[in-house]
Amino acid sequence: MTTIPGLHHVTAISGAPQPNVDFFTGTLGQKLVKKTVNFDDPGTYHLYYGDAAGSPGTILTFFPFTDAGPGRAGPGMASAYAYAIPTAAFDRLTDDLAAQGLVQAGAELRFGERIVTLRDPDGAPVELIESADAADSHGFHSVTLWERDPERTLRLLSDVFGYQHIGTAQEGTTERHRLIAPGAERGRIIDVIRVAGAQPGRQGAGTIHHVAFRARDDAEQLDWMDRLAHAGHRTTEVKDRQYFNAIYFREPGGVLFEIATDPPGFAIDEPVDQLGQALKLPEQYEAMRGRIERVLPPLRVRS
Ligand code: ZN
């Protein structure tokens, strides 16, 4: 039976785009692999960061709403994502970030792995986890889902998606469940947490909007649509996101889940060595390019 191999991308909301680009490309060394617009709101950018090829499992995307009020994670939201950092690079990278004043505390341990948390320009956590099997610093280690009652979410992930529940840890008032997808792909870990006495969150700058899982192709995505329907989760129809096809649904705890196809990928409308340089628009907005370019704030990307 088909299982989910891991994360495809994570999409978050930020404030102004320039500090976001400077942080993720400059400070963290990720590559801007696509500069496009929000397909539902073409006056706003949609920025994609990842490895040089834009591989699934490395893609972090932002809707930078210049006037977004600050958000706060809470139950029913994804609360953090983590990059897997190779052991050989972990100390140098985290020492560098500490020297820049970006890391407040030293490394902690989570399920036996060292983790350092920094804050992006909107105050959102960016977790860096030392990972013996990471090949570079571009891939996800995991994402954390914050749930009021984890039970039904855990069941969806294990019974439908095929994740294995491998452990539970208590960190102060936080109960953390760890699940892992079979195989060896990037971003194959999901943590589900419950926090005693948690206040409700609010979507806004510095929060995660949705979490996307991988389907290897369109057929597999349709199969997921079917299997989710049988398990009582109604998805949207297939939406053409230019670089992948997407279906969406709310998992039982309220987090917006997406299943996105690996193909066609980010090189469909520009060469791999030029990814992210030009503003790319889907066909339906090409006629409005002049107007869109006047509305979007200018962006400088260091290469
Ligand atoms: Zn998405």
Side-chain angles (χ1 to χ4, degrees), residues 4-14 17 20 24 30-42 44-51 54-65 68 71 73 76-83 124 138-140 142-145 156-157 161 181 185-188 190 203-218 220-222 224-225 228 233-251 253-269 275-276 280-282 284-285:
I4 292 281
L7 297 170
H8 183 281
H9 65 267
V10 173
T11 291
I13 298 170
S14 75
N20 185 265
F24 284 97
Q30 302 301 327
K31 174 147 174 81
L32 181 68
V33 292
K34 194 63 66 180
K35 185 166 61 174
T36 183
V37 294
N38 182 337
F39 290 5
D40 301 318
D41 173 12
T44 301
Y45 281 115
H46 193 181
L47 304 175
Y48 290 74
Y49 304 102
D51 67 355
S55 311
T58 72
I59 303 296
L60 176 66
T61 97
F62 284 91
F63 294 128
F65 292 113
M77 297 166 74
S79 56
Y81 56 84
Y83 283 109
H138 299 290
F140 288 123
S142 53
V143 71
T144 298
L145 310 177
L156 164 66
L157 291 169
F161 278 4
E185 299 291 336
R186 290 160 144 156
R188 65 184 180 280
I190 303 287
Q203 198 74 243
T207 62
I208 293 171
H209 186 264
H210 65 265
V211 172
F213 297 87
R214 287 173 66 181
R216 292 171 185 86
D217 54 32
D218 291 321
E220 203 174 282
Q221 183 179 57
L222 293 176
W224 280 118
M225 201 183 231
L228 284 162
H233 307 282
R234 191 207 296 242
T235 65
T236 62
E237 79 275 25
V238 176
K239 294 182 193 282
D240 177 358
R241 295 313 195 191
Q242 186 82 358
Y243 311 107
F244 46 86
N245 285 327
I247 58 173
Y248 303 85
F249 70 103
R250 293 237 173 238
E251 57 85 26
V255 182
L256 185 60
F257 276 8
E258 172 183 345
I259 295 177
T261 55
D262 286 358
F266 294 95
I268 190 176
D269 60 359
L275 286 179
K280 305 308 289 186
L281 297 175
Q284 69 266 32
Y285 293 136

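Order of listing sets the numbers, starting from 1, for every ligand and every atom in it.
Qualifying ring pair (Phe, Tyr, Trp, His ring centres under 6.0 Å) partners for His210, counting only residues two or more places apart in sequence or in other chains: His9, Tyr248. With sequence neighbours excluded, the residues that form a ring pair (Phe, Tyr, Trp, His ring centres under 6.0 Å) with Phe140 are Tyr83. For Phe161, the ring pair (Phe, Tyr, Trp, His ring centres under 6.0 Å) partners two or more places apart in sequence, or in a different chain, are Phe213, Trp224.
Counting only protein N, O or S atoms closer than 2.8 Å to the Zn ion (ligand 1) gives 3.
Remark: side-chain polar atoms of Gln221 are paired, donor with acceptor, to backbone N or O of Asn245 under 3.5 angstrom.
Taking the ring centroids of His46 and Phe62, they lie at or beyond the 6.0 Å cut-off.
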Q: Evaluate the criterion side-chain hydrogen bond (donor to acceptor under 3.5 Å, both in side chains) for residue pair Ser79 and Thr144; output intermediate values, then yes/no.
A: CA-CA 6 Å; Ser79 56; Thr144 298; 5.0 Å; no
